[in-house]
Asks: 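Before anything else, here's the structure in question.
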Amino acid sequence: MPELPEVENTRQYLLRSGLAGQRLGAPEITWAKTVREPSVGEFIEGVAGRTVTDVQRRGKYLIAPLDDGQYLVLHLGMTGSLRIHDAGREPPPMLRHLFPLDDGRELRFIDPRKFGHLWLLTDPADAMSKMGPEPLEPTFTIGALTESLAARKAPAKALLLEQSVIAGLGNLYADEALFLSGIHPERTANTLSDDELSGLHRAIVTALTRSVAAYAAARDAEWPDPPTALSPWTIPRAAGEGCPRCATTVEMIRVRGRSSWYCPACQPKDVT
DNA sequence: AGTACGTCCTGATCGC
DNA sequence: TGCGATCAGGACGTAC
């Protein structure tokens with residue numbers, strides 16, 4: 001599902017498609033609950049006629065500054081994706097919203113499960129002030145990770161999903177980072193050793209960096225319709241599959257209601 | 001405050 | 001073959 005690498009891929013796709021510089025027409029919103037702020041009417045009125053000046057990303061949020069100082073903010077939820085196509089082209093199934101562009105194309109918001117959301121904000125930085133560090137920027141340090149986990153008794157897996165701890169991780173990359181660092185998903189966060197914390201920090205950066213690169217290569221190879229989803233992780237997510245490191249059959253448990261795949265040999269629950 | 005869990009959604013898949 | 005039940009999980013609201 002859209003996590004940091006997928007959202008970053010979307011950002012790069014939108015920029016390369018020339019969204020910046022385009023003036024938006026009145027958006028067609030077919031699922032009103034998608035708009036979180038302001039009202040749907042104010043959102044449509046506020047977006048119409050404005051020009052997009054850039055596409056930025058914070059965690060899993062896409063932020064498009066507009067030429068009047070406001071910001072169009074998008075979250076893809078679990079199944080959302082964005083495409084820019086000619087207005088005449090057959091609309092895809094599950095098209096939920098569209099933003100007409102002044103060059104005859106349109107920005108399409110496709111979202112089967114309707115978990116994506118839209119905002120029109122004057123101060124997105126304030127709205128996102130509780131979000132944790134960007135894992136691919138220098139602010140994400142071992143010290144920052146240690147500090148945010150030190151007093152927590154929840155399972156490590158659950159905390160990796162909290163956007164206030166790290167911005168941009170989701171269920172799949174959380175599992176991947178735990179696998180790469182050899183940490184069982186149910187390990188209590190405040191029992192992680194210094195070595196485990198530094199290994200987890202490195203694993204998060206490695207997993208995300210690897211995936212961002214995989215998307216970049218796919219964009220180049222498959223332009224102008226690059227994939228919105230790859231599977232650029234190493235821990236298998238299917239019953240009966242073997243660990244890529246030791247061939248032990250991987251297992252799945254539920255942590256906070258989320259499926260968590262791990263290798264019982266490489267990620268022991270009890271560390272001595 | 002920290003932790004845990006239900007809720008929103010619908011296409012795909014599973015079991016009888 | 002068909003149909004109901006289950007699963008998937010990001011972020012938030014609520015409860016303890």
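To find a chain, count down the sequence lines: A is the first, B the second, and so on, and within it residues start at 1.
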Asks: Any chance you could list the contact pattern along nucleotides 7-13 of chain B? Use B for base contacts, S for sugar-phosphate-only contacts and - for none, protein heavy atoms under 4.0 Å, 5' to 3'.
Replies: -BBBS--
Asks: For DNA chain B, which residues in residues 149-172 of chain A have a heavy atom at a distance below 4.0 Å?
Replies: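 Correct list: A:R152, A:K153, A:A154, A:P155.
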Asks: Without decimals, in angstroms, what is the distance between A:Y61 OH and C:dC12 C1'?
Replies: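 So the OH-C1' distance, A:Y61 to C:dC12, works out to 9 Å.
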Asks: Got A:L121 and A:E37 here, is their nearest side-chain heavy-atom distance under 4.5 Å?
Replies: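 Side chain of A:L121 against side chain of A:E37, heavy atoms only: contact under 4.5 Å found.
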Asks: Is the NZ or CZ atom of A:R245 positioned over A:F179's six-membered ring, under 6.0 angstrom from the centre and within 45° of the axis?
Replies: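 That pair qualifies as a cation-pi contact.
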Asks: Dot-bracket, 5' to 3', for DNA chain B please: Watson-Crick or G-U pairs under 3.5 Å, [ ] where pairs cross earlier ones, | where the partner sits on another strand, dots elsewhere.
Replies: .|||||||.|||||||
Asks: For the P atoms, the ones on C:dC3 and on B:dC9, what distance do you get once it is rounded to whole angstrom?
Replies: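 These two P atoms come out 26 Å apart once rounded.
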Asks: State whether A:E162 and A:R152 are salt-bridged, where the test is any N-O pair (Lys NZ or Arg NE/NH1/NH2 against Asp/Glu carboxylate O) under 4.0 Å.
Replies: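 Here A:E162 pairs with A:R152 in a salt bridge, since their nearest N and O are under 4.0 Å apart.
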Asks: Ignoring backbone atoms, test whether A:H75 places a side-chain nitrogen or oxygen under 4.0 Å from the OP1 or OP2 oxygen of C:dA11.
Replies: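 It does, given that an N or O in the side chain of A:H75 lies less than 4.0 Å from OP1 or OP2 of C:dA11.
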Asks: In whole angstrom, give the distance that lies between atom CD of A:E6 and atom P of C:dG10.
Replies: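 Distance check: A:E6 CD to C:dG10 P gives 10 Å.
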Asks: Rounding to an integer number of Å, can you tell me how far A:R256 CZ sits from C:dA15 C1'?
Replies: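 In whole Å, C:dA15 C1' lies 14 Å from A:R256 CZ.
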Asks: Can you pull out every ring-ring contact (aromatic ring centres under 6.0 Å, His included) where at least one residue sits in residues 205-245 of chain A? Sequence neighbours excluded, please.
Replies: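 For residues 205-245 of chain A, and leaving out neighbouring residues, the ring-ring contact (aromatic ring centres under 6.0 Å, His included) pairs sorted by first residue read A:Y13-A:W223.
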Asks: Got a sec, which pairs hit ring-ring contact (aromatic ring centres under 6.0 Å, His included) with one end in residues 40-70 of chain A, sequence neighbours left out?
Replies: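 Checked against ring-ring contact (aromatic ring centres under 6.0 Å, His included) - neighbours excluded - the pairs reaching residues 40-70 of chain A are A:Y61-A:H75, A:Y61-A:W119.
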Asks: Please name all residues satisfying salt bridge (charged side-chain N to carboxylate O under 4.0 Å, His left out) with A:R96, sequence neighbours left out, ordered by chain then number.
Replies: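 If we apply the salt bridge (charged side-chain N to carboxylate O under 4.0 Å, His left out) test to A:R96, skipping adjacent residues, there are no hits.
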Asks: Given side chains that start at C-beta, do those of A:R210 and A:L180 come closer than 4.5 Å, heavy atoms only?
Replies: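 Result yes, sub-4.5 Å side-chain heavy-atom pair found.
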Asks: Keeping A:N9 on the side-chain end and A:P227 on the backbone end, is there a donor-acceptor pair under 3.5 Å?
Replies: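 Indeed, once roles are kept as given, a pair shorter than 3.5 Å links the two residues.
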Asks: Is the backbone of A:E42 close enough, under 3.5 Å, to the side chain of A:E45 for a donor and an acceptor to pair up by distance?
Replies: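 Here the side-chain-to-backbone pair does not exist.
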Asks: Using a 4.0 Å heavy-atom cut-off, does A:T79 contact any base of the nucleic acid, only the sugar-phosphate backbone, or nothing at all?
Replies: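 Counting heavy atoms under 4.0 Å across all strands, no contact is made by A:T79.
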Asks: Sub-3.5 Å donor-acceptor pair from the side chain of A:E3 to the main-chain atoms of A:Y173, do we have one?
Replies: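 Flag set: sc A:E3 to bb A:Y173 pair under 3.5 Å.
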Asks: Could you state the atom-to-atom distance from CG of A:L74 to C1' of C:dA11 in whole Å?
Replies: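 My rounded result for the distance is 16 Å.
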Asks: State yes or no: do A:Y262 and A:L169 share one hydrophobic cluster built from I, L, V, M, F, W and Y residues joined by side-chain heavy-atom distances below 4.5 Å, directly or via other members?
Replies: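 Cluster IDs for A:Y262 and A:L169 differ.
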Asks: A:W261 has an atom CH2; how far is it from atom P of C:dA8, in whole Å?
Replies: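 In whole Å, C:dA8 P and A:W261 CH2 are 9 Å from each other.
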